[in-house]
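In what follows, a structure is listed as structure tokens, so that the remarks can point back to it.
What you see below is based on every heavy atom in this structure, not just the backbone, and it leaves out hydrogens, waters and symmetry mates.
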Amino acid sequence: MDEDEIKLISQKCIGLFFCYQRSFSKAFFRRTVQQRLPLQIYSTSGSRIVIKVHILPHHCKQTVLQTDCCECTSGEREPHRFAVTQGNLLDRDTFSKSDPLCILYTQGAESKQWREFGRTEVIDNTLNPDFVRKYILDYFFEEKQNLRFDIYDIDSKSPDLAKHPSDFNDFLGQTFCTLGEIVGSPGSRLEKPLGGIPGKNCGTIILTAEELGNCRDCATMQFCANKLDKKDFFGRSDPFMVFYRSNEDGTFTICHKTEVVKNTLNPIWQPFTIPVRALCNGDYDRSIKVEVYDWDRDGSHDFIGEFTTSYRELSRGQSQFNVYEVVNPKKKLKKRRYINSGTVTLLSFLVEAEHTFLDYIKAGLQIHFTVAIDFTASNGNPSQSTSLHYMNPYQMNAYAMALKAVGEIIQDYDSDKMFPALGFGAKLPPDGRVSHEFPLNGNVDNPYCNGMEGILEAYHESLKTVQLYGPTNFAPVINHVARYAAAVQDGSQYFVLLIITDGVISDMAQTKEAIVNAAKLPMSIIIVGVGQAEFDAMVELDGDDVRISSRGKLAERDIVQFVPFRDYMDRTGNHVLSMARLAKDVLAEIPDQLILYMKSRGIKPNQTPPEYSPPGLSPTSTI
């Protein structure tokens, strides 16, 4: 393991472990997986993965492979895992069984070349190896992370596969997938066939994801104080508290500061929530120092006193053990009769698990993706090369590139891969009426397209049938998706709307109102601006700096992310890298937006993934 791989272990991970499987009925496989692999996922974007490989016996001699799975176990307790199960491997050795090895490759975003990430040890003469070596990968929701798994029968001690016989005698098969495919599959289990050898049935691989454990609890607590020292000459003190976590070297790091309670010696502070890892780094007996101050406007806050505690003590809750004397060390040295500068009492203490994006995905949440494309006349005549909608036979236009970049990642989290595709700002045949909410496939009752290719095909066909017109109105398509989201607010589904546009928005007031209303619903909005227009209004909709409001009402959440497409065009012409960067930036906020919605509604991940049922094909109101 090289230095880079060692560094990978130090961060939060999703674990992968592998096992190879026997062949039985699919029903038995599903039952076994449910009963014997109760895997869980708890990851947010930026998590990491451990991989372990285990191969089960080769018993089935049927031509059509049916798979079964047995329990994957490990000698170490690693709560974040990625499980890979394979079955019916080829036996390449004449007088003995294969000596298998599994190699994991990852693909670079820039070069698109496959790079070996790591390999298991070789286990001799067996079709049932239980590999011990594990690997760690980063997981990012907003990136398309391509993986390749190659299985070899190793007959040489050399680590160089090029030195092995070159007639494929050592190659047992391979499979390709993305990390998002595995995470987004029902139950986070993905079953794929092994291939790579023409005319040979190489077996089946099953990938299962689970996150490595770390302390993800959050503690909510409330304190009050009694008879604190009076520090202000003309009034009582204005007390607040500062919490510090102790470090290994004896120093302290600030981790929380309460609000100031004005003009009182007996304050009651508001409850606050803090991650347990921030409070004590997961060490329940580590010292926590709390300092109490009297707030001063000029920043020269007066020290009242301090006390120490620990997470373990606080976790006892309200009791005689959690009443603390606030002591000023200087006063204690100077005054013989000094007792304390008041007391602080813990009023309540509650610990809850901090649920993450992958907790909800693992529980069966589906992310539904809808695209809305700008068909206004400002895009230019699609038949001319200057148009943003121009169909160059050798290169996708900006609309198609943005759609493909975002959609290829989102689609991994929707099990049926059927996506509504809408257009706005065009005159429709046969009567030439202007519509700001029409289906690209022409089917009002069923605006769904099959995968990204289906959306692109419907987009190309629409350009041949509709007349680009205007104005640029966003509110209708936002309200369209909001109607779907309003019907499913139980945490089982989340909706993402991608709007691709070229110009200045025409219905700003209506769009703001639509966004404020949508912020209450399980949905997010991505806006990609193409062309050279000014997009100042779009920046206003993206409430990163100032939360958007309408009619005096603030949006509950920031659900809009805007990016100008031109900022991602690579001068060297490397569109693959450009689109990877675009997708990363526009999708990076989705996990946090989803979690914030779930928290605001008190929705926790289901313990058992629900049966998936697609939403209705058409809302009650017409398109």
Side-chain angles (χ1 to χ4, degrees), residues 1-6 8-9 15-23 49-61 65 67 69-70 72-76 81-107 113-137 146-177 192-208:
M1 185 177 290
D2 60 29
E3 184 177 352
D4 290 337
E5 289 171 324
I6 293 173
L8 294 177
I9 303 175
L16 281 170
F17 45 156
F18 295 144
C19 61
Y20 282 71
Q21 87 212 26
R22 298 179 284 190
S23 290
I49 297 173
V50 175
I51 303 175
K52 182 181 183 294
V53 183
H54 171 209
I55 301 178
L56 298 185
H58 177 81
H59 288 314
C60 181
K61 298 182 180 178
L65 293 181
T67 62
C69 178
C70 80
C72 296
T73 58
S74 172
E76 303 172 6
R81 307 183 200 279
F82 217 126
V84 178
T85 305
Q86 295 175 332
N88 297 336
L89 288 181
L90 297 173
D91 191 352
R92 288 296 194 180
D93 292 347
T94 306
F95 300 106
S96 63
K97 296 177 181 177
S98 294
D99 309 319
L101 165 143
C102 180
I103 303 178
L104 170 62
Y105 295 88
T106 58
Q107 192 176 51
Q113 293 183 347
W114 290 103
R115 174 180 175 271
E116 181 179 330
F117 186 85
R119 58 178 70 184
T120 66
E121 74 278 16
V122 178
I123 299 183
D124 295 334
N125 194 32
T126 181
L127 298 180
N128 184 28
D130 187 359
F131 296 109
V132 175
R133 191 170 301 164
K134 304 171 186 177
Y135 308 107
I136 295 177
L137 293 171
N146 294 318
L147 305 178
R148 186 181 102 204
F149 300 95
D150 287 4
I151 313 299
Y152 286 89
D153 170 26
I154 303 300
D155 296 319
S156 168
K157 293 183 179 180
S158 169
D160 187 358
L161 292 177
K163 294 181 180 179
H164 298 165
S166 57
D167 58 356
F168 289 100
N169 282 342
D170 292 318
F171 182 61
L172 300 181
Q174 68 181 184
T175 194
F176 300 82
C177 67
K192 292 182 74 74
L194 286 168
I197 304 178
K200 294 287 186 181
N201 198 332
C202 300
T204 302
I205 186 168
I206 297 172
L207 310 175
T208 307

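Going from atom CD of Gln107 over to atom CD of Gln113 covers 9.5 Å, rounded to the nearest 0.5 Å. The CZ atom of Phe171 sits 12.5 Å away from the CG atom of Asp153 when rounded to the nearest 0.5 Å.
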Item to complete: Let me see the working for Phe117 and Tyr105 under ring-ring contact (aromatic ring centres under 6.0 Å, His included), right down to the final yes or no.
Response: CA-CA 5 Å; Phe117 186 85; Tyr105 295 88; over 10 Å; no
Worksheet item: Hey, mind stepping through Trp114 and Asn146 against side-chain contact (heavy atoms from CB on, under 4.5 Å) and telling me if it holds?
Response: CA-CA 9 Å; Trp114 290 103; Asn146 294 318; 3.8 Å; yes
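The two residues Ile197 and Leu172 come nearest to each other via the heavy atoms CD1-C, 4.1 Å. Shown here for Cys177 and Phe149, the closest heavy-atom pair between the two residues is SG-CE1, 4.0 Å.
Within the 4.5 Å cutoff, side-chain heavy atoms of Arg148 are placed close to those of Gln174.
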